[in-house]
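In what follows, a single structure is set out as structure tokens and then discussed.
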Amino acid sequence: MPFMKGAAPIRRTLKYLETGKLFFRKGVKIFSINYNTSGNNHIGARDFVFWYLPQIQYKNPNVQVVTFKNMTPTPFIQCFFDNGDKMLIDIFGKEKEDIMEHVIKVVGKSENTLKYEAQQQEKKENPANFGYFCERHCICEIPGQVTCPAVIPLPKEMRGKYKFAKE
């Protein structure tokens, strides 16, 4: 498989991308990270970009993610919001896990918000749902479907015992 080549090919798997924990708040439009490719104080930023940036991009498709390499003496993250505000996050000398926790706390959605959105996504009012606690009790109530055999018997061609008896 060609996508399984290179450094840490696990980063390109769908299972890995779906395990991302950072969902940006509604107002975040641009997420930029500035770091150098050399230097001891930039190790955490480099590891953060290497391990967590693909997950961030996958989980937040409407947010522009930009990286700037070798343009600054100290590493930092800058977030731009839709109302024109911007936020600067200093990541000088921090580990990748510390950076991720801090970014989740500052510009990420809270656990309560994520739970609420998951509940709203599982809406029970979908017209395709049927059964108890739904709009329709049986699929036979939907126009175009075969009527319920309890109400009108099925034609003999559609019943198994007659179909297999002919053979």
Side-chain angles (χ1 to χ4, degrees), residues 1-139 142:
M1 291 188 223
F3 70 92
M4 295 302 283
K5 293 180 181 176
I10 188 74
R11 296 179 303 140
R12 295 185 203 94
T13 61
L14 192 59
K15 185 177 180 182
Y16 179 76
L17 293 175
E18 289 175 346
T19 59
K21 298 181 287 186
L22 178 59
F23 292 92
F24 286 121
R25 292 185 185 150
K26 198 172 187 178
V28 178
K29 293 297 174 193
I30 302 172
F31 176 82
S32 70
I33 181 166
N34 295 272
Y35 67 99
N36 289 340
T37 54
S38 62
N40 292 336
N41 297 322
H42 298 265
I43 291 174
R46 284 194 302 267
D47 289 344
F48 178 81
V49 168
F50 187 80
W51 289 107
Y52 293 130
L53 208 63
Q55 291 176 340
I56 292 171
Q57 288 176 317
Y58 182 79
K59 290 290 188 176
N60 302 287
N62 296 329
V63 177
Q64 181 181 359
V65 178
V66 184
T67 58
F68 296 104
K69 296 180 189 175
N70 300 324
M71 295 179 67
T72 179
T74 59
F76 63 92
I77 293 174
Q78 197 166 16
C79 296
F80 297 91
F81 297 94
D82 57 356
N83 60 2
D85 293 341
K86 46 185 166 175
M87 177 184 292
L88 194 66
I89 302 170
D90 183 29
I91 56 174
F92 183 80
K94 291 186 179 178
E95 295 294 322
K96 65 179 179 178
E97 293 84 11
D98 298 334
I99 296 170
M100 186 64 156
E101 288 175 15
H102 185 68
V103 170
I104 288 173
K105 189 186 307 180
V106 175
V107 292
K109 291 182 181 176
S110 66
E111 292 290 326
N112 294 335
T113 307
L114 292 174
K115 287 179 185 175
Y116 177 74
E117 288 178 356
Q119 276 182 341
Q120 292 301 319
Q121 212 168 24
E122 296 177 0
K123 281 176 44 175
K124 305 280 188 230
E125 300 167 8
N126 188 343
N129 292 343
F130 59 91
Y132 294 110
F133 307 112
C134 292
E135 195 174 312
R136 295 179 178 93
H137 179 53
C138 183
I139 195 167
I142 299 173

Would you call [X] and [Y] a side-chain contact if the rule is heavy atoms closer than 4.5 Å?
{"X": "Leu88", "Y": "Asp90", "value": "no"}
{"X": "Ile91", "Y": "Ile33", "value": "yes"}
{"X": "Tyr52", "Y": "Glu97", "value": "yes"}
{"X": "Val107", "Y": "Arg25", "value": "no"}
{"X": "Gln55", "Y": "Leu22", "value": "no"}

Is it the case that more than 12 heavy atoms not belonging to [X] sit under 6.0 Å from its [atom1] atom?
{"X": "Glu111", "atom1": "CD", "result": "no"}
{"X": "Tyr116", "atom1": "OH", "result": "no"}
{"X": "Asn40", "atom1": "CG", "result": "no"}

Distance-only, no hydrogens or angles: does the [X] side chain make a donor-acceptor pair with backbone N or O of [Y] under 3.5 Å?
{"X": "Arg12", "Y": "Pro54", "result": "no"}
{"X": "Asn41", "Y": "Thr74", "result": "no"}
{"X": "Ser32", "Y": "Gln78", "result": "yes"}
{"X": "His42", "Y": "Pro73", "result": "yes"}

Point to revise | Given Phe24, Phe81, Phe23, the one that forms ring-ring contact (aromatic ring centres under 6.0 Å, His included) with Phe31 | key: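 By the ring-ring contact (aromatic ring centres under 6.0 Å, His included) criterion, Phe31 pairs with just one of Phe24, Phe81, Phe23: Phe24.
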**Study point:** Lys/Arg cation over aromatic Tyr35: Arg46, 6.0 Å, 45° cone
**Key:**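 So Arg46 doesn't make the cation-pi contact.
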